[in-house]
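All values derive from a computational prediction rather than experimental measurement. Each chain gets a letter, A, B and so on, in the order the sequences are listed, and its residues count up from 1.
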Amino acid sequence: MAFLKRTDTGGMPVYLMLMHIKIALTASLLSISGLPALAEQPTATPSPERTRELIHLVRQDCGSCHGLTLRGGLGPALLPENLRNQSPTGLKYTILLGRPGTAMPPWQPFLNEAEAEWIVGQLLNGFPEESP
Amino acid sequence: MILKALRYGWLLAAFWSMLAGAAEPALQGTGDLGIIIERSAGRVAIVDTSRNAILGRVGNLGDLSHASAVFSRDQRYAYLFGRDGGLSKVDLLRKVVEKRIVQSGNSIGGAISQNGRLIAVANYKPGGLKIFAADSLDLLADLPAAYGDGKRSKVVGIADLPGQRFIYSLFDADQIWIADLSDLKAPRVEKFPDIGRAPYDGLVTPDGRYYLAGLFGEDGIAMLDTWQPQAGVQRILANYGRGEQPLPVYKMPHLRGWAVAGHQVYLPAIGRHEVLVADTVNWRETARIPVRGQPVFVIARPDGRQVWVNFAFPNNGFVQIIDTLTRQVIHTLEPGKAVLHLEFTPRGEAVWVSARDDNKVLIYDTARFAKIAELSLENPSGIFFTARAQRIGF
């Protein structure tokens with residue numbers, strides 16, 4: 001995709017940028033010291049109510065760009081076979097911090113780390129449908 | 001014997017009238033009909049804007065997230081473009097799918113030609129334009145959006161132009177193309193490169209003259225005067241974000257459903273809580289109107305006196321109304337959760353608003369901003385009325 005000037009900084013506040021750097025450093029320190037990476041730790045499961053909200057958010061709002069069925073749109077497809085070769089930690093921070101230089105915005109204002117981690121886990125296993 | 005014959009004849013007559021009744025439904029026009037997408041259910045509701053009612057539903061239409069529709073010029077058929085590449089022709093009177101094909105892996109929308117005979121579909125995967133016969137949905141032309149080293153771009157912002165032409169933008173290739181289908185045996189494509197980075201949607205003005213492509217990758221809007229294409233693509237509103245930090249964009253704005261009111265065009269500012277206003281004579285910025293969130297649809301009431309705006313997540317519960325004389329927000333509505341789209345009745349006395357997460361469509365009186373009616377629908381998104389059939393760019 002063309003390099004997009006608008007999101008050179010990802011439309012990202014400076015504190016998020018700093019946090020990104022800090023998290024990246026922490027992650028690499030952890031892997032150097034042989035400690036388990038964040039995504040490999042057991043994921044806290046959100047409450048049933050929050051789970052419903054998260055499924056709705058992913059299907060409907062992420063779906064604006066990635067498609068309701070997550071088969072892709074202006075954004076790439078998010079099916080297990082599309083994500084298999086990516087690191088879960090990387091995917092989590094893509095969700096939280098966005099991807100500078102693309103249309104992917106940071107979702108951190110609406111999600112905490114555990115929730116992003118839960119979403120990544122679900123995406124890798126085939127994301128659940130919304131219950132009617 | 002006579003009695004028996006009488007009874008038999010009576011039955012026959014009753015049977016005959018039943019048959020005739022089935023073959024000839026009550027006479028009805030279609031100028032006040034429309035469809036509403038029930039995106040998760042893969043279904044559309046056929047609605048009547050005179051009676052504020054749902055007349056029926058047509059289902060099995062595939063993945064309708066981001067679905068849109070155009071109408072045949074007799075306003076009887078809706079052509080529905082589904083995310084999954086589905087192209088469906090729906091008969092509004094008989095309430096059936098007349099024909100359905102899956103013509104690509106991923107599509108974003110389409111348009112109908114000036115003479116009503118061609119349907120063009122803009123595809124993401126594989127990137128390009130496909131042209132179908134409006135009556136049979138037979139493929140007539142395939143125009144890949146090829147650029148660079150064998151790459152194919154996603155196609156966005158398609159609109160019809162006079163003369164069996166379609167204009168569209170290449171998201172990945174930063175180009176505007178015009179496909180001329182006046183000779184179906186030899187379609188011609190005119191290409192305008194380097195229009196600005198990442199065009200995300202486009203519109204033509206009501207007269208079919210100017211094409212505007214919104215840019216995601218940089219400030220400003222690419223504008224082509226299709227009456228004088230030799231003058232090339234110009235950049236307008238180039239300074240609207242200069243020196244300011246744009247906000248993250250949680251939903252791309254939509255440009256079709258232009259808001260041209262008088263000599264002014266109202267456009268969503270991407271990454272900003274603003275509606276931009278430009279003069280359609282000299283294309284200079286004339287105002288910026290602060291609004292409640294990042295605009296998604298900015299649509300003029302048919303008379304141009306009001307412009308209605310809905311917003312991206314997380315401000316998608318609001319709708320604001322701008323008075324085009326004072327260029328100020330004069331009213332804010334909270335119709336429901338996740339307002340995705342709005343559509344005016346043909347002359348604008350009412351507007352229909354879809355609230356996806358509340359499973360309803362609300363109908364407002366545009367003079368008093370009072371709610372007239374509310375309809376129950378499952379995750380409603382796009383609303384399309386048949387009056388679109390008679391408008392260039394719809």
Side-chain angles (χ1 to χ4, degrees), chain A residues 1-17 20 52-53 55-79 82 94-111 127-132, chain B residues 39-42 62-67 82-85 105-108 124-125 148 151 153-154 156 170-174 196-201 215-219 241 244-252 254 270-272 294 296 312-314 316 337-338 340 356-357 359 378-379 381:
Chain A
M1 189 193 289
F3 189 69
L4 308 176
K5 179 185 118 197
R6 173 168 304 285
T7 46
D8 278 1
T9 50
M12 195 187 288
V14 172
Y15 74 89
L16 278 181
M17 297 284 289
H20 198 174
R52 267 195 303 280
E53 286 172 6
I55 294 172
H56 185 73
L57 180 91
V58 171
R59 288 275 168 203
Q60 301 295 335
D61 294 304
C62 302
S64 297
C65 280
H66 297 283
L68 200 62
T69 57
L70 305 177
R71 283 171 218 275
L74 213 51
L78 301 179
L79 301 176
N82 309 113
T94 296
I95 293 173
L96 290 172
L97 306 173
R99 184 166 282 179
T102 75
M104 178 68 181
W107 290 85
Q108 202 179 42
F110 315 105
L111 298 171
F127 202 80
E129 297 290 336
E130 278 192 80
S131 46
Chain B
R39 69 204 297 256
S40 319
D63 176 4
L64 293 185
S65 56
H66 206 285
R83 170 67 91 187
D84 55 3
N106 198 316
S107 86
I108 190 64
Y124 278 178
K125 216 176 356 176
K151 288 180 283 189
S153 170
K154 297 182 181 103
V156 298
L170 277 57
F171 177 74
D172 307 295
D174 306 336
R197 276 174 292 186
Y200 63 88
D201 199 5
L215 301 173
F216 182 78
E218 52 191 288
D219 289 332
E244 297 164 24
Q245 185 67 253
L247 301 163
V249 176
Y250 291 102
K251 187 175 167 72
M252 288 283 181
H254 289 57
I270 190 161
R272 293 186 167 74
Q294 291 185 43
V296 174
F313 177 88
N316 54 1
K337 275 189 246 160
L340 288 196
R356 180 194 69 202
D357 291 357
N359 296 303
E378 190 179 330
N379 298 135
S381 55

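At a 4.5 Å heavy-atom cutoff, the contact between B:Y124 and chain A is made by side-chain atoms alone. B:R39 touches chain A through backbone and side chain together, each having a heavy atom under 4.5 Å away. Neither the backbone nor the side chain of A:E129 has a heavy atom closer than 4.5 Å to any heavy atom of chain B. With a 4.5 angstrom heavy-atom cutoff, B:S107 does not touch chain A via any of its atoms.
Within the 4.5 Å cutoff, side-chain heavy atoms of A:L74 are placed close to those of B:F171. Residues A:T69 and B:D84 form no side-chain contact, since every pair of their non-hydrogen atoms from C-beta on lies 4.5 Å or further apart.
Between the side chain of B:N106 and the backbone N or O of A:G72 there is at least one donor-acceptor pair closer than 3.5 Å.
Chosen from A:R71, A:R59, A:H56, the residue pairing most often with chain B at heavy-atom distances under 4.5 Å is A:H56. With respect to chain A, the highest number of heavy-atom pairs below 4.5 Å among B:K251, B:K151, B:R356 belongs to B:R356. Between chain B and the options A:G67, A:C62, A:G73, A:G63, heavy-atom pairs under 4.5 Å are most frequent for A:G73.
The line from OH of B:Y250 to CG of A:L57 is 10.0 Å long, rounded to the nearest 0.5 Å. Interatomic distance, A:S64 OG to B:M252 CE, rounded to the nearest 0.5 Å: 10.5 Å.
When all heavy atoms are compared, the tightest approach of B:S40 to A:Q60 is OG-NE2, 3.9 Å.
Taking the six-membered ring where tryptophan is involved, the planes of B:F313 and A:W107 are tilted, since the angle between them lies from 30° to 60°.
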